[in-house]
Amino acid sequence: MRGILLDVEIAEEEEHPVVRLVLKDGSRKVMVLDHAFSHYFYALGEDPEKLSELISGVEAEYRERKVRPKAVEAVRRTIRGKEVRAVRIFLSHPRDMQPLRRAVRELPGVNSLYEFDIPPNRSYILDRGLVPMEGVNVRVEEDGEGAPVMRASSPPVRSGGEVGELRIMSFDIEVYNPGGSPRVDRDPVIMISLSDNAGYRKVLTWKRHEGSPEYVECLGSEREMIERFVEIVRERDPDILLGYNTDMFDFPYLRDRAKMLKVRLSLGIDGSDVTFRRHRFASAARIRGRIHVDVFSMVDFMATIGSIRLIHYTLEDVYRHFTGKEKPDFEFTEMPGAWEEGGEPWMRFIEYSMSDAEATLEVGRILLPLFIELSRVVRQTLFDVSRMTPGQLVEWLLISEARSRGELVPPRPAGEEFEERLEETYAGAYVMEPVKGLHENLVVYDFRSLYPSIIVTHNIDPSTLNCECCRGRGTRVPGLGYWFCVEREGFIPATLKKLIRERAKLKEELKHHPRESVEYRSLNARQTAYKIIANSAYGMLGYSRARWYSKECAESVTSFGRHYIQTTIDMSRAMGFDVVYGDTDSLFCKLNGKTKDDALRFLKKVNESLPGIIELELEGFYPRGVFITKKRYAMIDEAGRMVVKGLEFVRRDWAAIAKKTQEEVLRAILRDGSPERAAEVIKRVTRDIVEGRVELEDLVIYTQLKMPIESYRSVGPHVVAAKRLRALGYTVEPGMMIAYVVVRGPGSISERSYPLEMMEKREPDPDYYISNQVLPAVMRIMEVLGYREDDLRFTRERQTGIERFMG
DNA sequence: AAATGACGGGG
DNA sequence: GTGTACGTCATTT
């Protein structure tokens with residue numbers, strides 16, 4: 001049979017490890033078991049023959065069981081391109097890795113171990129030469145009529161080909177949240193919405209209110225609703241299940257509720273339960289036979305690589321960014337009331353829930369093609385790739401490349417080595433101190449993929465660094481004593497060069513397809529995937545946890561980078577452009593009365609002077625921008641879109657009044673070009689605060705209680721508020737969201753913070769809200785426009801005649 | 001000045 | 001994969 005490879009995992013059959021491949025064959029989805037699989041690692045030492053023999057006899061203990069190698073062989077491999085002889089040690093079971101690895105390390109004559117830290121399913125994909133999200137051919141023993149599980153009778157092989165139509169479904173849950181944030185032991189799931197790419201729309205709930213839309217299905221209880229959710233997912237049988245922050249919220253919440261209600265979350269195609277890979281800071285929910293993709297993690301990735309830049313990454317904001325459309329909003333504080341009382345709020349609640357699932361599906365369908373290509377390029381599953389950082393993507397591409405060259409994969413650093421790396425520092429990119437203030441008519445240039453271009457152009461790699469063969473004639477790094485080989489191409493530059501070449505070919509091919517065609521979209525996604533991975537290579541070189549970390553290479557890259565940007569800044573000044581700001585690989589110039597044509601002529605001139613594949617590009621024209629400090633600025637483009645960088649410090653532990661004011665201020669400056677209007681906004685707000693005309697809800701600060709009250713060594717405002725809440729008789733426990741207000745009076749901020757529940761007879765402290773909330777949120781911006789705090793602060797004493805008149 | 005604790009997405 | 005993000009900010013100590 002032939003099918004698209006959706007997933008690969010390690011399973012067990014009668015104590016024996018087996019690989020389970022999930023294949024989609026037309027409309028049928030099957031699981032194929034490959035028993036011909038053996039996990040392994042390598043040992044290096046003085047005398048490989050002797051070592052092989054020694055290792056063959058090694059015995060370790062694991063849970064009171066004796067563990068021995070399944071097989072041992074002496075092999076030839078390379079390390080940094082140099083041939084080495086190694087001992088390859090096969091395991092009977094992947095779980096034998098830790099005990100055997102420890103035992104082998106203790107043996108005399110063993111110098112180092114390799115590839116003990118490559119997960120077995122990932123290793124399998126590479127060794128079989130398979131490509132996830134592409135075709136696989138495999139001969140199977142049919143286990144009966146249409147059985148979903150089959151046994152491979154010969155090894156699966158890559159067959160290429162396109163992914164056919166995949167069924168994609170999204171879902172979202174709504175939770176009862178009377179205490180602000182939901183408490184999983186008490187607060188039920190009250191709605192589950194679903195949407196799929198075949199047009200299915202559904203909101204499940206378990207309370208009947210008047211006049212619900214036709215897509216609502218009302219169940220008898222939370223338990224029945226969850227059962228129905230599971231039933232629908234299995235019936236509609238999506239290949240990809242999407243959600244927004246489902247790794248961290250929906251699935252963990254559903255899991256806990258399902259456990260309490262004694263209902264199984266059996267979403268797998270074989271009826272298996274959702275499983276969780278848990279970290280302290282992250283988790284991932286896995287469903288057998290379907291790819292659970294958390295759209296938030298894809299969005300977060302796009303934000304990390306700078307491909308999208310929003311102030312917030314809520315579903316609402318992200319949906320607006322990607323589709324240009326608005327979705328209905330619904331305040332989470334309205335939810336309990338809507339649930340209990342129905343009416344108009346209930347209708348809006350349902351529409352909101354439905355729109356969450358639909359928006360997730362829409363955004364997911366926009367992003368998936370890119371992540372499917374990333375999955376193919378680095379040859380790892382979509383489940384894993386959609387959760388990787390850019391550095392991990394590069395690393396997995398290199399691991400794949402290393403495996404096919406017989407190069408041993410360096411281990412992830414641990415212990416001392418890692419600690420030492422953390423200590424190592426080196427000079428980074430050049431960042432110019434901006435010409436602070438508001439500027440008009442800007443042109444922005446940047447070097448196309450500067451760092452990968454440098455790595456390729458100058459052959460930067462751990463194996464080509466300070467090589468013997470090029471002493472005195474290799475490529476010198478500006479300002480550093482290093483050189484790089486001009487004879488042999490390094491492993492990393494070679495890998496990047498392939499990516500860059502392939503990408504150039506794809507971009508050429510793109511020209512022959514209309515922008516809206518399927519071919520264009522798929523080729524475009526692929527070229528973007530190449531670009532993303534190439535651009536992440538430098539970050540990996542300098543990341544202390546990376547396998548191919550090299551401080552010398554990383555600092556050589558930044559040194560070349562500084563050289564090119566500085567040279568370009570000098571050239572632009574010589575041409576009469578005012579450089580307002582420059583960072584790493586981009587420069588921001590004022591047109592200064594020159595035309596867009598002049599800007600293009602400058603570009604041409606610079607490019608004539610650059611070596612290899614290094615190239616400057618025109619990023620765009622911006623009518624207005626406000627520059628604050630290094631890394632902090634905001635601009636508006638010709639289409640009226642705001643680009644905000646480094647100012648995203650307004651968070652939920654800030655009062656709403658601070659968030660609202662900051663947004664209004666940026667709009668006034670960039671859209672209207674009027675700092676004066678921005679100043680008026682601030683004066684109006686501070687005055688409203690002083691005169692008590694701001695709604696209490698705009699002054700509330702929400703901070704989560706992360707520990708039991710007693711565990712706090714440092715008693716912050718939310719802890720004091722929580723204590724006061726407890727004294728009132730409320731149960732206060734970790735995870736609770738504390739809503740508090742800072743009131744007038746003597747003492748520290750903490751001493752003056754009261755829970756919202758105690759605010760009836762108390763007065764908020766205007767000074768705190770002005771000095772610690774509103775002004776910090778806007779001052780950084782206003783400062784560079786020549787305003788001082790006192791110009792913007794409304795106080796009765798300082799009120800000037802004109803203000804009294806205006807007021 | 002150093003230490004501590006919280007932010008993100010979700011409801 | 002058995003790991004403990006990550007860089008930044010406010011407030012307390």
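Throughout, a chain's letter reflects where its sequence line sits, starting with A, and its residues are numbered from 1.
Here dG5(B) is the nucleotide among dG5(B), dT12(C), dA6(B) with the atom lying nearest to any side-chain atom of Arg713(A). Nearest nucleotide to the side chain of Thr703(A), out of dG1(C), dC7(B), dG5(B): dC7(B). Comparing dC9(C), dT11(C), dA6(B) against the side chain of Pro717(A) picks out dT11(C) as the nearest. Among the nucleotides dG9(B), dA10(C), dG1(C), the one closest to the side chain of Pro776(A) is dA10(C). For Gln704(A), whose side chain is taken as the heavy atoms from C-beta onward, the closest listed nucleotide among dG1(C), dT12(C), dC7(B) is dC7(B).
The distance between atom CZ of Phe296(A) and atom P of dG8(B), rounded to the nearest whole Å, is 10 Å. Phe418(A) has its CZ atom 12 Å from the C1' atom of dC6(C), to the nearest Å. Between the CZ atom of Arg545(A) and the C1' atom of dG3(C) there is a distance of 8 Å, given to the nearest Å. Atom CG in Asn245(A) sits about 6 Å away from atom P in dG10(B), given to the nearest Å. Regarding Phe41(A), its CZ atom lies at a distance of 17 Å from the P atom of dG1(C), rounded to whole Å. The distance between atom CG of Asp653(A) and atom P of dA6(B), rounded to the nearest whole Å, is 10 Å. A straight line from CD1 of Ile10(A) to P of dT2(C) spans 13 Å, rounded to a whole angstrom. For Arg632(A) and dT8(C), the CZ to P distance is 8 Å, given to the nearest whole Å.
At the heavy-atom level, Tyr768(A) lies under 4.0 Å from the strands shown only through sugar-phosphate atoms. Here Phe330(A) lies out of heavy-atom contact (under 4.0 Å) with every strand. As judged by a 4.0 angstrom heavy-atom cut-off over every strand, Asp300(A) is placed among residues making no nucleic acid contact. Nucleic acid contact for Tyr244(A): sugar-phosphate only, since backbone atoms but no base atoms lie under 4.0 Å from a heavy atom of the residue. Heavy atoms of Arg95(A) sit nowhere under 4.0 angstrom from any nucleic acid atom. Contacts of Tyr253(A) with the nucleic acid, taken as non-hydrogen atoms under 4.0 Å apart, are absent. At a threshold of 4.0 angstrom between heavy atoms, the contacts of Gln392(A) include nucleobase atoms, whether or not backbone atoms are also involved. Residue contacts shown for Tyr352(A) are limited to sugar-phosphate atoms, with no base heavy atom under 4.0 Å away. Residue Val715(A) is in sugar-phosphate contact alone, with no base atom involved, counting any heavy-atom pair closer than 4.0 Å across all strands shown. The residue Ile173(A) sits close only to the backbone: its heavy atoms come under 4.0 Å of sugar-phosphate atoms, none of a base. Heavy atoms of Asp294(A) sit nowhere under 4.0 angstrom from any nucleic acid atom. Among the heavy atoms of the strands lying under 4.0 Å from Ser750(A) are primed sugar atoms or P, OP1, OP2 only; no base atom is included. Within 4.0 Å of Asp384(A), counting heavy atoms only, lies no atom of the nucleic acid at all.
For Arg780(A) and dC9(C), the shortest distance from a side-chain N or O to OP1 or OP2 is below 4.0 Å. A close approach under 4.0 Å does occur between a side-chain nitrogen or oxygen of Asn772(A) and OP1 or OP2 of dT11(C). A close approach under 4.0 Å does occur between a side-chain nitrogen or oxygen of Lys706(A) and OP1 or OP2 of dC7(B). Dashed line: the shortest gap from a side-chain N or O of Tyr543(A) to OP1 or OP2 of dA5(C) is not under 4.0 Å. Phosphate proximity of dG5(B) to His718(A): absent, as no side-chain N or O sits under 4.0 Å from OP1 or OP2.
For a distance-only test at 3.5 Å, the side chain of Arg122(A) qualifies as a donor-acceptor partner of the base of dG1(C).
Side-chain contact of Glu751(A) with Ser748(A): a donor-acceptor pair under 3.5 Å is present, judged by distance alone. Checked by atom type, the side-chain pair Ser123(A)/Arg403(A) shows a donor-acceptor distance below 3.5 Å.
Salt-bridge check for Asp256(A) with Arg183(A): failed, with every basic side-chain N at 4.0 Å or more from each acidic carboxylate O.
Only the P atoms considered, dG10(B) is 23 Å distant from dT8(C), to the nearest whole Å. Comparing the same atom, C1', in dA5(C) and in dA6(B) gives a spacing of 14 Å after rounding to whole Å.
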- [ ] I would like to know whether Arg286(A) and Glu9(A) meet salt bridge (Lys or Arg N to Asp or Glu O under 4.0 Å); could you show each step before the answer?
- [x] CA-CA 11 Å; Arg286(A) 202 177 169 101; Glu9(A) 56 181 358; 3.3 Å; yes
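In this structure, Arg348(A) is not positioned above the aromatic face of Phe330(A) in the sense of NZ or CZ being under 6.0 Å from the six-membered ring centre and within 45° of the axis. Both the sub-6.0 Å distance and the 45° axial angle are not jointly satisfied by Lys659(A) relative to the ring of Trp654(A). Within the cation-pi definition used here (under 6.0 Å to the ring centroid, within 45° of the axis), Arg101(A) does not qualify as a partner of Phe41(A).
Listed by chain and residue number, Arg257(A) satisfy the side-chain contact (heavy atoms from CB on, under 4.5 Å) test with Met260(A) (two or more places apart in sequence, or in another chain).
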